[in-house]
Amino acid sequence: MKGLKLIALASAVTVAGMVASADAAGLLIADGGLGGVLEIKDHDVRITVNNGIVVTTVDQVFHNTENRQVEALYTFPVPRGASVSNFSMWINGKEMTGEVVEKKRAREIYESYKAPRRDPGLLEQVDYRTFEMRVFPIAAKADQKVQVTYYQELDFDHNRATYVYPLATSTKPGVVAKTTGKFALTLDAKSEIPITALESNSHPKEFAVAKHSDKYQQASLETQAGDLSRDVVLSFEMQRPKTGLDLIASKPQDEDGYFSLTLTAGEELAAINKPMDYVFVLDISGSMNQDQKLQLSQQSLAAFVQTLAPEDRFEVITFNVAPEALFKSMTAADDASKKRATDFLGTQTARGGTRLNPAITTAYKYADPERPLNVIVISDGISDQAERAELTGLIRKRPEGTRVFAIGIGNDVNRAMLEQIANESGGLAAFLSREDNTQRQAQAFRQKLMRPAATDVAIKINGVDAYDLMPAKLPNLYYGAPVRVYGRYRGSGDAKVTVTGNISGNPIEQAVDMGFPKTDDENPQIERMWAMKKVDGLLKQADDSGSRTGVIDQIVELGEGYSIVTEYTSFLVLENDAEYKRWKIDRRNALRIDRDRVAQKKVTDELQRLRDAATDAIGPGAIEKIANTQIAQSTPLPSTPGVQAPARNDSPQSPRNRDFDLPRIGGGGAWEPLGVTLLVIGGVGAVGLRRRSPKS
């Protein structure tokens with residue numbers, strides 16, 4: 001989610017005259033041609049990553065400086081893999097949570113309130129990368145508080161996790177991308193695997209970091225007149241984890257359950273000891289001019305080229321409406337060719353349209369049956385959508401031994417398209433912020449390519465009735481890149497989870513026992529994540545067939561049922577509960593938000609206790625305080641008045657995670673036990689719920 005960006009527009013003529021672009025945290029304007037000056041007062045961000053799922057909550061307070069009421073329109077790009085899961089407005093001092101309604105109906109209801117000048121809010125997904133939020137009316141000289149929450153998966157790369165809070169995007173010139181009051185971002189990181197480093201690549205001097213223990217660190221940024229034009233990038237490095245499976249479940253009483261399984265392969269997966277060929281395909285179309293995307297692409301590609309070994313070969317192809325090759329043949333990755341490639345990249349300018357298919361076709365011409373070929377596409381993926389089906393077919397017809405990888409640049413990027421390009425060929429997709437460390441990212445990406453992927457990966461579950469697994473077909477498993485599976489289940493208790501696959505022509509199989517709970521209210525975010533993945537699967541299936549007609553009703557049902565915004569559903573905030581009742585809109589999201597907040601309150605209490613323990617260890621009497629803390633930690637947490645405690649997992653005492661060894665592969669070494677790192681990031685507080693069992 002982007003921070004709200006408020007700007008002053010003198011008139012509609014002024015808007016029409018703006019042709020350049022500037023960096024800003026989204027765009028919030030007084031809509032309807034009335035102009036109006038609005039200011040950001042406060043921008044408060046709280047981030048929670050619980051078991052690999054990120055919950056980002058952004059509170060915004062903005063002020064109408066005009067002597068008349070206005071309607072505000074806010075546009076912001078969609079973070080990677082994210083879906084808005086709550087939209088609230090404060091009306092007459094009370095929070096009103098939104099409800100998800102079919103898109104056309106939501107717009108009609110919203111528009112009906114404008115004549116009587118009442119208080120609706122509307123949040124829509126405009127396309128694959130953009131949300132719009134409308135707020136009406138903002139009273140003269142009044143403040144308006146809104147809250148938006150969205151869910152997404154955390155990006156892991158072996159022992160490092162990266163979180164990007166996206167702020168940089170292209171809007172109008174002359175925008176002052178600053179708050180008039182406070183800009184704050186609060187983060188807590190807790191992991192069962194010790195945290196060895198917590199840092200911000202984007203704001204290294206602005207964050208204060210407190211190390212409360214080896215497994216819990218806290219970071220905080222707070223400033224007046226905060227800059228909202230730059231992404232905030234935070235990364236965490238942990239001790240080397242172990243290979244294995246992690247199970248996280250959510251099971252409401254008297255309903256089928258939800259689960260997430262995460263499979264991670266690790267550092268000891270042997271590197272490929274033979275030379276490889278690389279074709280880098282760089283997008284230089286006009287859309288790469290925005291948000292310094294071409295500059296970031298040039299830096300990233302140059303860094304990747306420098307990581308190549310002398311025995312590797314490579315080619316660089318640039319493209320807009322037509323491709324252009326640098327060497328015209330595969331060239332050894334020596335110092336002279338690397339310099340020539342770097343110099344060539346530095347001369348490129350962004351212009352013209354985007355035609356990716358001819359560039360991919362040209363890259364295939366470099367295939368050598370004696371050497372693996374890696375085609376690496378660096379692009380924002382913004383091309384003609386009619387090209388998508390053609391591109392999918394082209395990827396499927398790639399030469400044997402060829403994998404296609406995609407690196408998305410910036411926040412305005414067609415993530416779905418780039419992920420499809422990579423997944424169809426058994427490759428990977430990565431996405432970069434301009435505030436990230438490009439050299440480290442390039443090195444990490446190449447490490448994945450240097451280790452054999454596990455192909456034909458499948459997960460089978462026996463002992464409970466698991467169904468609706470998403471994705472239906474699993475991607476290849478790479479070093480440092482976890483594979484996540486979401487699903488539903490009936491029944492409870494112990495189940496045998498079997499992982500099968502193939503590494504370098506050798507079949508692998510590993511089975512572990514895991515416990516599926518009868519009830520569990522600790523991880524309600526799993527439910528929306530499953531629904532999001534289900535929607536993604538339906539859209540991809542429909543786009544492959546060339547028509548979405550057959551899936552729209554299912555997507556609307558999922559959006560309304562699980563309170564998630566899609567291209568066919570929207571969030572609608574009404575003035576009070578009576579208005580929802582008048583329009584016959586069930587308060588489903590209000591109930592979901594209550595459940596989510598109960599679980600988050602438990603997390604908050606746990607982290608507060610850890611902070612208190614760390615403080616007690618400082619100063620006079622520390623030894624006595626530590627002893628008292630240890631006694632306190634062995635007793636249950638006190639209940640909180642007015643808050644129902646989450647239900648405890650009452651399944652048999654079976655492990656929620658299992659580490660395991662995979663068989664040795666001839667000549668390739670072994671997979672060391674490697675597990676998924678469960679990292680917790682919290683604005684108010686968060687705690688990892690990973691439960692480690694003894695080794696069997």
Do the non-hydrogen side-chain atoms of [X] and [Y] ever get within less than 4.5 Å of each other?
X: D283; Y: T354; result: yes
X: R548; Y: Y568; result: yes
X: I421; Y: L356; result: yes
X: D231; Y: P166; result: yes
X: L558; Y: T566; result: no
X: L282; Y: S297; result: yes
X: V499; Y: L263; result: yes
X: R528; Y: Y150; result: no

Minimum heavy-atom separation for [X] to [Y], with atom names?
X: A363; Y: V281; value: CB-CG2, 4.2 Å
X: F259; Y: L247; value: CB-CD1, 3.8 Å
X: V305; Y: K338; value: O-CE, 3.4 Å
X: N476; Y: V483; value: O-CG2, 3.9 Å
X: Y486; Y: W530; value: C-CD1, 3.9 Å
X: Q348; Y: Q298; value: O-NE2, 3.5 Å

(request) Just do the side chain to side chain contact (heavy atoms under 4.5 Å, CB included) check on I564 and V100 with the steps written out, would you? (result) CA-CA 7 Å; I564 55 174; V100 174; 5.9 Å; no

(request) Could you point out which residue of V535, V556, I555 forms a side-chain contact (heavy atoms from CB on, under 4.5 Å) with T569? (result)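 Passing option: V556.
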
Are the charged groups of [X] and [Y] less than 4.0 angstrom apart, N to O?
X: R403; Y: E424; value: no
X: D335; Y: K339; value: no
X: K103; Y: E124; value: no

(request) Taking N506 for its side chain and I503 for its backbone only, find out whether a donor-acceptor pair lies under 3.5 Å. (result)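 Here the side-chain-to-backbone pair exists.
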
(message) Donor-acceptor pair, distance only, cut-off 3.5 Å: does the side chain of E560 make one with the backbone of E102?
(response)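 Indeed, once roles are kept as given, a pair shorter than 3.5 Å links the two residues.
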
Give, for atom [atom1] of [X] and atom [atom2] of [Y], the distance between the pair rounded to the nearest 0.5 Å.
X: M288; Y: S379; atom1: CE; atom2: OG; result: 6.0 Å
X: I459; Y: L245; atom1: CD1; atom2: CG; result: 5.5 Å
X: R484; Y: D246; atom1: CZ; atom2: CG; result: 10.5 Å
X: E527; Y: S85; atom1: CD; atom2: OG; result: 12.0 Å
X: Q299; Y: L301; atom1: CD; atom2: CG; result: 11.5 Å
X: N423; Y: L428; atom1: CG; atom2: CG; result: 8.0 Å

(message) For E509 and T498: C-alpha separation, side-chain torsions, deciding distance, then whether side chain to side chain contact (heavy atoms under 4.5 Å, CB included) applies.
(response) CA-CA 7 Å; E509 180 173 331; T498 303; 3.8 Å; yes

Pair up each side-chain donor or acceptor in residues 460-473 with any protein partner under 3.5 Å, not counting sequence neighbours, and list the distances.
residue, atom, partner, partner atom, Å
D465, OD2, R490, NH1, 2.6
Y467, OH, D256, OD2, 2.6
D468, OD1, K534, NZ, 3.2

(message) Suppose we screen for side-chain contact (heavy atoms from CB on, under 4.5 Å). Which residues come up paired with T402, at least two apart in sequence or across chains?
(response)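 T402 satisfies side-chain contact (heavy atoms from CB on, under 4.5 Å) with Y364, A367, L373, V375, R398, P399 once adjacent residues are dropped.
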
(request) Flag yes if more than 12 heavy atoms outside D334 fall under 6.0 Å of its CG atom; otherwise flag no. (result)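 Check passes, neighbour count above 12.
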
(request) Run the numbers on V565 and F131 for side chain to side chain contact (heavy atoms under 4.5 Å, CB included), then give the verdict. (result) CA-CA 9 Å; V565 176; F131 285 154; 4.0 Å; yes

Table please: side-chain donor-acceptor pairs of residues 310-328 below 3.5 Å, with sequence neighbours left out.
residue, atom, partner, partner atom, Å
D312, OD1, M276, N, 3.0
D312, OD2, A309, N, 3.0
D312, OD2, R446, NH2, 2.7
R313, NE, D277, OD1, 3.0
R313, NH2, D277, OD2, 2.8
R313, NH2, D368, OD2, 3.2
E315, OE1, L326, N, 3.4
E315, OE1, F327, N, 2.9
E315, OE2, F327, N, 3.3
E315, OE2, K328, N, 2.7
E315, OE2, S329, N, 3.4
E315, OE2, Y366, OH, 2.8
N320, ND2, R351, O, 3.2
K328, NZ, A325, O, 2.7

(message) Run the side chain to side chain contact (heavy atoms under 4.5 Å, CB included) test on L154 and Y163 for me, step by step, so that the C-alpha distance in whole Å, both residues' side-chain angles and the decisive distance to 0.1 Å come before the verdict.
(response) CA-CA 6 Å; L154 183 67; Y163 172 81; 4.0 Å; yes

